[in-house]
Amino acid sequence: MKMDDVSTYTSRKSGSFPGLMARKSELCLPVTAQSKPKFRVKAILGHCLYRRVVIWTLVILVLFSLTLFNPRLTARSRDVLDLVHTSKGVTDDIETPAVAGIMEQNGKIDDIKETHQESLTKEEGVVIMDEDEQAADETANGPHWLRYKHLDGYFNGLRALVPFSDYVPEYPKLSKARRSEPSPTVHHSELPKASAYVPHPAYDSDEYVKTHVPVKRCFLDEDKKVPAPDVYAYNGVPQGQAKAALGSYDLLGIREDVCFDRFGRYGAYGLGYELELGGTGEGLDTEHEANSAVWEKSGKINYEDVDWAAAQERCVSANEGRFFTGNETRDFELAQVGRQKMDRIAVVIRTYVGFQWTSHALLNFRAMINELNLKSGGEYDVHFLLHVRDNNAPIWADPATVQNILDVNVPPEFHGLCTLWSEAQMKLYYPGNFGDTFENPSNGDIHGVYRSAHLPLQHFAMMHPEYAHFWNWEMDMRWTGSYYEFFDRLGKWGAEQSRQGMWERASKYYIPGLHGSWENFTDIVDRETKESGRRPIMGPVVFTGKAGLADGEVLLPSSCAAGSDMSQCGVGEDADLITLNPLFDADESGWVFAGDVTGYDTQYEKPPRRCAIVTASRLSRRLLRVMHEETWRLHHSMFSEMFPPSMALHHGLKGVFAPHPVFLDRRWPQKEIEKAFNGGRDHTSGGHGSPFDLTNEHNHKGTTWYYNSEFAGLLWRRWLGYAQMDGRGDNGGRAGEGTERGGPKEEEDPNNSGRLCLRSMLVHPIKWENPAEQE
């Protein structure tokens, strides 16, 4: 759930809770450079009371300035610029995070740069931020990151493409032992050619068929004349593009040596050709040199009469022999004989009545269905969970009402994928008294979507036993690469993770440039956990007032049995929860909804809680069953982003944070990333100093993945070929300000590098795409 989403119960007045939240999130940022109405000094000073206030204010400011700039009274005057950064326990006085091999016995920290570099020399490709990577504007007021230089390499295009072996990132700087020169300039006179990108298994190979049921090809049409199209990518990366500051491609098994332009990504789904040919008409007004390669094999597909629900069903039916059924008895029998069977997974996208569908939204969800379902032989299904805000609409009783709602709110090609729900329906499904709430800052109803977006997903899971896992997804998220590669690789990585130290690793951002390899990161987390004095979490947690499940607690797998190698505990076990941001301890974190806990005895302390901001995550059927029982039988609930992780914590389920690549728009020093994003209790993202504290969330503004990000939308629209204000200028720059860059004029200039080509990355939030949507 995004904090800026507003459901029906919320007033849209300036004094409403979401309005207040929107203003609070900007408190730490400098005032926009746009002109403001003038005020009359004479009118203020003409009032005797105001005159005295102004005089005393000036006197205090003069005294403060004399004190501030007296070197004998303060030896660190520059720290005034870091007031925002230090507002919640993240101060320059905080101990630098303990890195394996850095902490001395007396507790002091050696020089991070030298010692940490020495500890990572075994890892080829480790990046080390040089100390000379300093701020561009030391006079900028507000958050510390406004002083860091903007990065330009993201906007290098196809003419700057190089093989990955020749790639030198603009940021972070590589170890001097490997690279001492700046990124070389590359400019090709001709654009490279894209090729089909296939991240799926080689379904037709002898090796695959030996152990798996053969995969039958799937088509968009009933006559089997239009096969599922390919996405296209370029081998290589534009020279100078920055590496991810947070997370890793290699760790998750996602390719980093290819990039995608807008036509290779979306051309197969209607980008770049006319409505009359069955396309969207989008992209015709952008630079489009040499984009025809994406249609050489498939042609320009006419999507006018495509029925995605029917296409999904045909694909699954043709390949039903590959999958488990959801019936536990039958699936046990299937697992004992024949070739390997697979679990099926649902991707459930939350939408609502009134959502403004655009051509780019069509492109995104066509891609998702094609790549996840049709190209995989039915391994995934895509569904839309449509929130009907009119609680009086008889959506479970009158088919005509349902059809009318679909006709008005959803494109016809997606009608068969929609499941309608309402808050009134949730009150019927989860009746009864939910008891007291510790805190309810939104003043919302316990059945409302703002506080309990998990309820309709729980209900959906109970109605669909054929799926083993459910990805909870949102309409304003985009992935520049193949959706199959993303979802498949995260699922496999989650299964490979050990339960030993699982919750502790998940509470911290992984910063490869500082932490080194994943193994080194694991050692760092283990050491920090020991130094904190806190006991590592293993299995269900016990707390005062906890009520058990009807069938008892979930048992740990056999790999965790006494006497076993605990580093292998849980390895090979599917994760019950995979999140895309850290699973942080909400207690004393400063996160505004940390106390929104309902149904527990308020005479005791709040139960232990974990949370992951942004509800996008994968939940197992087992976890959703637990959540369902906790809701209907025990009448427990928590805020949307906190309930699934907390239930996994309480009942000993396997929860992991998948450190996917996240990029920064500026040249952050590595130590500052650690301080800002792992500045909470015991060097985690939770507790005091959390990056999810309302006063610290400004640090996410320049990332590619967070609900309040400004950089995500800017980069995405530049990638789509639209000119954007570059967000640079006085006082560090702000979104919507600066100089207009990109667009056809700049991309078509033969002296420039052409249209953008980005590696696979998540961007969020994308509230609009074509600038015409703003008019």
Participant: Salt bridge or not for E296 and K193, using N-O below 4.0 Å?
Facilitator: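 A salt bridge links E296 with K193.
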Participant: Measure up the W308 and F414 rings against each other and bin them: parallel (under 30°), tilted (30 to 60°), perpendicular (over 60°).
Facilitator: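 If you compare the ring of W308 with that of F414, the planes turn out parallel.
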Participant: Do side-chain atoms of E746 reach the backbone of E740 as a donor and acceptor pair under 3.5 angstrom?
Facilitator: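 No; zero donor-acceptor contacts below 3.5 Å.
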Participant: Which atom pair, heavy atoms only, marks the closest approach of L275 to T280?
Facilitator: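 The pair with the smallest heavy-atom distance is CD2-O, 3.7 Å.
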Participant: How close do P227 and R217 get, heavy atom to heavy atom, and via which atoms?
Facilitator: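 Taking every non-hydrogen atom into account, CB-NH2, 3.4 Å.
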Participant: Using the ring-ring contact (aromatic ring centres under 6.0 Å, His included) rule, take Y483 and F486 through it: C-alpha gap first, then chi angles, then the decisive distance, then the call.
Facilitator: CA-CA 5 Å; Y483 275 116; F486 176 73; 7.6 Å; no
Participant: Does E256 offer a backbone N or O that forms a donor-acceptor pair with the side chain of R759 under 3.5 Å?
Facilitator: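 Flag not set: sc R759 to bb E256 has no pair under 3.5 Å.
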Participant: Quick one: list whatever passes salt bridge (Lys or Arg N to Asp or Glu O under 4.0 Å) with R489, sequence neighbours left out.
Facilitator: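 Expected list: none.
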Participant: Can any side-chain N or O of Y249 pair as donor or acceptor with the backbone N or O of S760 at less than 3.5 Å?
Facilitator: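 Judged by distance alone, yes, a pair lies under 3.5 Å.
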Participant: Using a 3.5 Å distance criterion without hydrogens, assess whether the side chain of N770 forms a donor-acceptor pair with backbone atoms of E773.
Facilitator: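 No, because the side chain of N770 does not come within donor-acceptor range (under 3.5 Å) of the backbone of E773.
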Participant: Apply side-chain hydrogen bond (donor to acceptor under 3.5 Å, both in side chains) to T286 and R755, showing your working.
Facilitator: CA-CA 9 Å; T286 68; R755 61 181 175 269; over 6 Å; no
Participant: Given 3.5 Å as the limit, does a donor-acceptor pair link the side chain of N409 with the main chain of V353, or not?
Facilitator: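 No, N409 side chain to V353 backbone: no donor-acceptor pair under 3.5 Å.
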Participant: Any idea how W295 and Y273 line up, ring-wise: parallel (<30°), tilted (30 to 60°), or perpendicular (>60°)?
Facilitator: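 W295 and Y273: perpendicular rings.
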Participant: Between Y380 and Y484, how do the two ring planes meet: parallel, tilted or perpendicular, split at 30° and 60°?
Facilitator: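 Answer is perpendicular, since the angle exceeds 60°.
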Participant: Parallel, tilted or perpendicular: which fits the ring planes of Y467 and F460, with parallel below 30° and perpendicular above 60°?
Facilitator: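 Answer is parallel, since the angle falls under 30°.
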Participant: Can the ring centroids of F355 and Y352 be said to lie less than 6.0 angstrom from one another?
Facilitator: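 Distance test on ring centres: under 6.0 Å, yes.
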Participant: Should V186 and L161 be marked as a side chain to side chain contact (heavy atoms under 4.5 Å, CB included) after you check the CA-CA gap, both sets of side-chain angles, and the distance that decides it?
Facilitator: CA-CA 7 Å; V186 177; L161 199 73; over 6 Å; no
Participant: Without swapping roles, check the side chain of H200 against the backbone of E371 for a donor-acceptor pair under 3.5 Å.
Facilitator: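 Looks like yes, one N/O pair under 3.5 Å.
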Participant: Using a strict threshold of under 4.0 Å (side-chain N to carboxylate O), is an ion pair present between D665 and K701?
Facilitator: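 No, K701 and D665 are not salt-bridged.
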Participant: For N370 and P229, indicate whether the former's side chain and the latter's backbone hold a donor-acceptor pair under 3.5 Å.
Facilitator: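 Present.
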Participant: Angle between ring planes, Y303 versus Y269, binned at 30° and 60°: parallel, tilted or perpendicular?
Facilitator: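 Tilted: the ring planes of Y303 and Y269 meet at 30° to 60°.
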Participant: As a test of understanding, state which of E287, E747, E190, E289 forms a salt bridge (charged side-chain N to carboxylate O under 4.0 Å, His left out) with R159.
Facilitator: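 With R159 as partner, salt bridge (charged side-chain N to carboxylate O under 4.0 Å, His left out) holds for just one option, E289.
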Participant: Using a strict threshold of under 4.0 Å (side-chain N to carboxylate O), is an ion pair present between E485 and R255?
Facilitator: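 No, no charged N to carboxylate O under 4.0 Å.
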Participant: Taking the six-membered ring for Trp and the full ring for Phe, Tyr or His, determine whether the centres of F711 and Y154 are under 6.0 Å apart.
Facilitator: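 Here the rings of Y154 and F711 have centres that are less than 6.0 Å from each other.
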Participant: Keeping E320 on the side-chain end and T325 on the backbone end, is there a donor-acceptor pair under 3.5 Å?
Facilitator: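 Such a contact is absent between E320 side chain and T325 backbone.
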Participant: Salt bridge check: are R262 and E282 linked by an N-O gap of less than 4.0 Å?
Facilitator: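 Answer for the salt bridge query: no.
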